[in-house]
Amino acid sequence: MKTSLFGCKPRVISVCQRKRNGERTKVNTRFIFGFFSSIYTHYPGTCRGLPGIVDGSEDIVVTSTGLAFISSGALQILEQSPSIVGRIFLFDFSHPDEDPEEVTVEGGGIHDNGWIPLGMDVWESGPKDKPTFTLYVVNRKEGDIGIEVFDLMRRNKKPILKHKRKITHQNIWSPNDLVLVGDDRFYVTNDAYFPKPVDNLELILGLEVGSVAYYDVGEARIVKTGIGVANGINVSPDKKLLYVAAATENKIYVYRVNADGSFTQVQVIALATMPDNIDVDKDDGSLWVGCHPSIYAVFNKAGFGQILKINLDSALNYTIREVFADDTGMIQGSSIACRHGDAIIIGTALAKAAYCELLTF
């Protein structure tokens, strides 16, 4: 989620152009925060909240074996409290009745200094029947911003994330989410241009100054600018298409990836809601998008939950289906949804996650 959203007051932005000599006054009102949004609760099957995660489950990434990494602690951006700390949880789709397990993080000074984990992706290597996992995690703690890289290990059957290295670069200044396209190669979104607290003006004024950087083994370059709060990012299973959520534009941009890492826009998916993170279905390439019909409701911790499933055909025509919606408080601001088999796990910007069976999707 865009950092500058936290800490700025919800408001409606009006732009008025007055014409003299009796001409009409043109008013173009933009409801950025969704004061008047409403949804109708419906689930794809039985759903339950996942206990133990209370300070946000902002991003989720699922391995081929059904292990779901969950980043927690984004609530730190809104509320400063020593009890709110960055954590990574692990949920196993093979054991859906079990609760998420916190993963011990070792090295990198994270235990001593703390961190704010947001967007993530996982790199799999080794044999398919026994893969190894390397987790890349955005760290948004002020003064320590970068990409933390970990190896997943087991010690006495307990999961451990062993810190390998930290990636920093001048072109990765406000990272929100990332997607791996190779070993030590990834795209990362910068959701803001100006530092805090000036970045609040980007949202209030509706400035489209977010960007995408391409990192390739030690070097990062900006490959796209002009995005309204560049948020979630992902690629198609064949890595030929790149998807970027423009949160304040209520759009998802679709780009065709070029051989040099640059890309060309080929489609714009228009939404009537604010997209956050994007998960790409490994089976059919569809997009599962966590959305915010009302950011105002999220601020008040009564946020709506909304998950959209977007299918694109070979000509990049798209269809959108609302798979999940909730206004009961079970989900407070849905930021991501990931499918594995006949179930999904849903993350939230500031609160707990949920698990849902997929009887209809």
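Quick caveat: nothing in here was measured; it's all calculated off a predicted structure.
- The neighbour count for R155 CZ, taken as heavy atoms of other residues, nucleotides or ligands under 6.0 Å away, does not exceed 12.
- Evaluation of the side chain to side chain contact (heavy atoms under 4.5 Å, CB included) rule for D97 yields no partner, not counting sequence neighbours.
- Side chains of T41 and M330 form no contact here, defined as non-hydrogen atoms less than 4.5 Å apart.
- Neither I278 nor V235 shares a network with the other; the hydrophobic side chains, linked directly or stepwise wherever heavy atoms of I, L, V, M, F, W or Y lie under 4.5 Å apart, form separate groups for each.
- At distances below 3.5 Å, not a single donor-acceptor pair connects side-chain atoms of Y214 with backbone N or O atoms of E219.
- Within the model, atoms OG1 of T348 and CG of D326 stand 11.5 Å from one another, a figure rounded to the nearest 0.5 Å.
- Rounded to the nearest 0.5 Å, atoms CD1 (I172) and CD1 (I222) are 8.0 Å apart.
- Listed for the S334 side chain is a donor-acceptor partner under 3.5 Å among the backbone atoms of C291.
- With 3.5 Å as the limit, one finds no donor-acceptor pair spanning the side chains of D55 and S72.
- Listed here is the closest heavy atom pair of D279 and A337: CB-O, 3.2 Å.
- No donor-acceptor pair under 3.5 Å is formed between the side chain of N317 and the backbone N or O of D313.
- Scanning for side chain to side chain contact (heavy atoms under 4.5 Å, CB included) contacts around D151 gives T134, K164, with sequence neighbours left out.
- Between the side chain of D121 and the backbone N or O of L178 there is no donor-acceptor pair closer than 3.5 Å.
- Below 30°, between 30° and 60°, or above 60°: for W173 and Y193 the angle between ring planes is above 60°, a perpendicular geometry.
- Residues satisfying the side chain to side chain contact (heavy atoms under 4.5 Å, CB included) test with H163, not counting sequence neighbours, are I110, E148, F150, K166.
- Using a cut-off of 4.0 Å between Lys/Arg side-chain N and Asp/Glu carboxylate O, D283 and R339 are scored as salt-bridged.
- Using a 4.5 Å heavy-atom threshold, the side chains of V289 and Q306 count as separate.
- Between L287 and the options N311, L312, V254, a side-chain contact (heavy atoms from CB on, under 4.5 Å) holds for only L312.
- By the 4.5 Å heavy-atom criterion applied to side chains, V122 and F69 are counted as neighbours.
- Rounding to the nearest 0.5 angstrom, the gap separating the OG1 atom in T46 from the OH atom in Y355 is 10.0 Å.
- Side-chain N or O atoms of S57 include one that pairs as donor or acceptor with a backbone N or O of A351 at under 3.5 Å.
- Side-chain heavy atoms closer than 4.5 Å link hydrophobic residues (I, L, V, M, F, W, Y) into clusters, and following such links, even through other members, never connects Y136 to Y187.
- Remark: side-chain polar atoms of N139 are not paired, donor with acceptor, to backbone N or O of I145 under 3.5 angstrom.
- The side chain to side chain contact (heavy atoms under 4.5 Å, CB included) search around E142 returns K196, not counting sequence neighbours.
- Checking side-chain atoms of D342 against main-chain N and O of L358 turns up no donor-acceptor pair under 3.5 Å.
- The CZ atom of F89 sits 5.0 Å away from the CD1 atom of I53 when rounded to the nearest 0.5 Å.
- For E58 (side chain) and A349 (main-chain N/O), no donor-acceptor pair under 3.5 Å exists by modelled atom type.
- Between Y253 and Y243, the distance from one ring center to the other does not fall under 6.0 angstrom.
- In terms of the side-chain hydrogen bond (donor to acceptor under 3.5 Å, both in side chains) criterion, residue partners of D260 (sequence neighbours excluded) are, by chain and number, S262.
- Here E124 pairs with S64 under the side-chain hydrogen bond (donor to acceptor under 3.5 Å, both in side chains) rule; sequence neighbours left out.
- Separating the OG atom in S211 from the CD1 atom in I227 is a distance of 7.0 Å, to the nearest 0.5 Å.
- Contact record, G232 with T189: O-CG2, 4.5 Å, taken as the closest heavy-atom pair.
- Formation of a donor-acceptor pair under 3.5 Å by the D191 side chain with backbone atoms of A230 is not found in this model.
- Here the side chain of N176 pairs no donor or acceptor atom with the backbone of N190 at under 3.5 angstrom.
- Note: F93 and F91 meet the aromatic proximity criterion, with ring centroids under 6.0 Å apart.
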